[in-house]
Amino acid sequence: MSRGEPGRPSEARTRLLGTASRIFYAEGIHSVGIDRIIAEAQVTRATLYRHFPGKDDLILAYLTAADRAIRDQVDAVVADGLPPAETIRAISRSIADGIRSPGFRGCAFLNAVAEYPDPAHAVHRAVLGHRQWFLETVTAQLERLGVAPADPAARHYVMLRDGAMAAGCLLDPPLVTETFLHGVEGLLRAHA
């Protein structure tokens, strides 16, 4: 962080990250060069490298921001204190709303890992970290519901979500989300 209020990112850093995030999500990570991000963010190369020493640092910041947004959204649902089945339904509706949103291009994390298949790469590890958190969050809700063991059911839920995220940018989003939500209801019925 630099040149802004203490503890707050600078305007240039915010603009760089916003620009990179928009383009990475819409067009892919490898297809976007640093020169384009600099031009669209209207900053100098020196400003970019002052905030992000390399493209991988910018990519990781993009994924960290996406992770934080999803965690905040899920944490808000969990904080509502709904019964566990209703919490799972609310998380699912949030996912469905995302799939139906304009410009939806699939899961940012699945898209990123497709471009970074090496398990040792920091981008790949960031994706796995996000997915582990999501799996643990769903597992905890299923445990609250009384599902034992909860891990297989949580993995089933994550696979339903992954399928919906992949299909949502290929097929009719309302049909995809209806199918996803129907699948979630089937999962909940199976463990009621």
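For the single chain, residues carry numbers from 1 onward in sequence order.
Between Gly28 and Ser31, the closest heavy-atom pair is O-OG, 3.5 Å. Between Ala96 and Leu181, the shortest heavy-atom contact is CB-CD1, 4.1 Å. The shortest heavy-atom contact between Ala112 and Ile29 is CB-CD1, 3.9 Å. Of all heavy-atom pairs spanning Ser92 and Phe180, the tightest one is O-CE2, 3.5 Å. Counting all heavy atoms, side chain and backbone alike, His51 lies closest to Ala12 at NE2-CB, 4.2 Å. Residues Ile95 and Tyr157 come closest through the heavy atom pair CD1-OH, 3.6 Å.
Formation of a donor-acceptor pair under 3.5 Å by the Asp80 side chain with backbone atoms of Leu82 is not found in this model. Asp57 contributes a side-chain N or O that, together with a main-chain N or O of Gly54, makes up a donor-acceptor pair within less than 3.5 Å. No donor-acceptor distance shorter than 3.5 angstrom exists from the side chain of Ser101 to the backbone of Phe104, with no hydrogens or angles considered. Side-chain N or O atoms of Arg100 include none that pairs as donor or acceptor with a backbone N or O of Pro174 at under 3.5 Å.
Between Arg93 and Asp97 no salt bridge is recorded (no basic side-chain N to carboxylate O distance below 4.0 Å). Using a 4.0 Å cut-off between charged side-chain N and carboxylate O, Arg105 and Glu27 make no salt bridge.
Looking only at side-chain heavy atoms (C-beta outward), His124 and Val127 stay at 4.5 Å or farther from each other. Taking the side chain as every heavy atom from C-beta outward, Leu60 and Phe52 never approach each other to under 4.5 Å. In this structure, the side chains of Cys107 and Arg161 come closer than 4.5 Å at one or more pairs of heavy atoms. Using a 4.5 Å heavy-atom cutoff, the side chains of Arg131 and Leu110 are in contact. The closest side-chain heavy-atom distance from Val78 to Gln141 is below 4.5 Å. By the 4.5 Å heavy-atom criterion applied to side chains, Phe24 and Ile37 are counted as neighbours. Between His191 and Leu142 there is no side-chain heavy-atom pair separated by less than 4.5 Å.
Interatomic distance, CD of Gln132 versus OG1 of Thr137, reported as 9.5 Å (0.5 Å rounding). Interatomic distance, CD of Glu185 versus CD1 of Ile88, reported as 10.0 Å (0.5 Å rounding). With rounding to the nearest 0.5 angstrom, the CG atom of Leu63 is 12.5 Å from the OH atom of Tyr25. With rounding to the nearest 0.5 angstrom, the CG atom of Asp151 is 5.0 Å from the OG1 atom of Thr139. The CG atom of Leu145 sits 10.5 Å away from atom CD of Glu86, with the distance rounded to the nearest 0.5 Å. In this structure, CG on Asp172 lies 12.0 Å from CD1 on Ile99, to the nearest 0.5 angstrom.
Classification of the Phe134-His130 ring pair by plane angle, with boundaries at 30° and 60°, yields parallel.
A side-chain donor-acceptor contact under 3.5 Å links Ser94 and Gln73.
Note on Leu128: it does not cluster hydrophobically with Met159, by side-chain heavy-atom contacts below 4.5 Å among ILVMFWY residues. Cluster membership for Trp133 and Ile91, using ILVMFWY side-chain heavy atoms within less than 4.5 angstrom, is shared.
By the 6.0 Å contact criterion, NE2 on His30 is enclosed, its count of non-hydrogen atoms from other residues, nucleotides or ligands being greater than 12. Annotation for Gln42: atom CD does not count as buried by contact number, only 12 or fewer foreign heavy atoms lying within 6.0 Å.
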Step by step, work out the side chain to side chain contact (heavy atoms under 4.5 Å, CB included) result for Leu48 and Leu58.
CA-CA 9 Å; Leu48 170 80; Leu58 183 57; 4.1 Å; yes
Is there a side chain to side chain contact (heavy atoms under 4.5 Å, CB included) between Ile23 and Tyr62? Walk through the geometry before answering.
CA-CA 10 Å; Ile23 300 171; Tyr62 154 63; over 6 Å; no
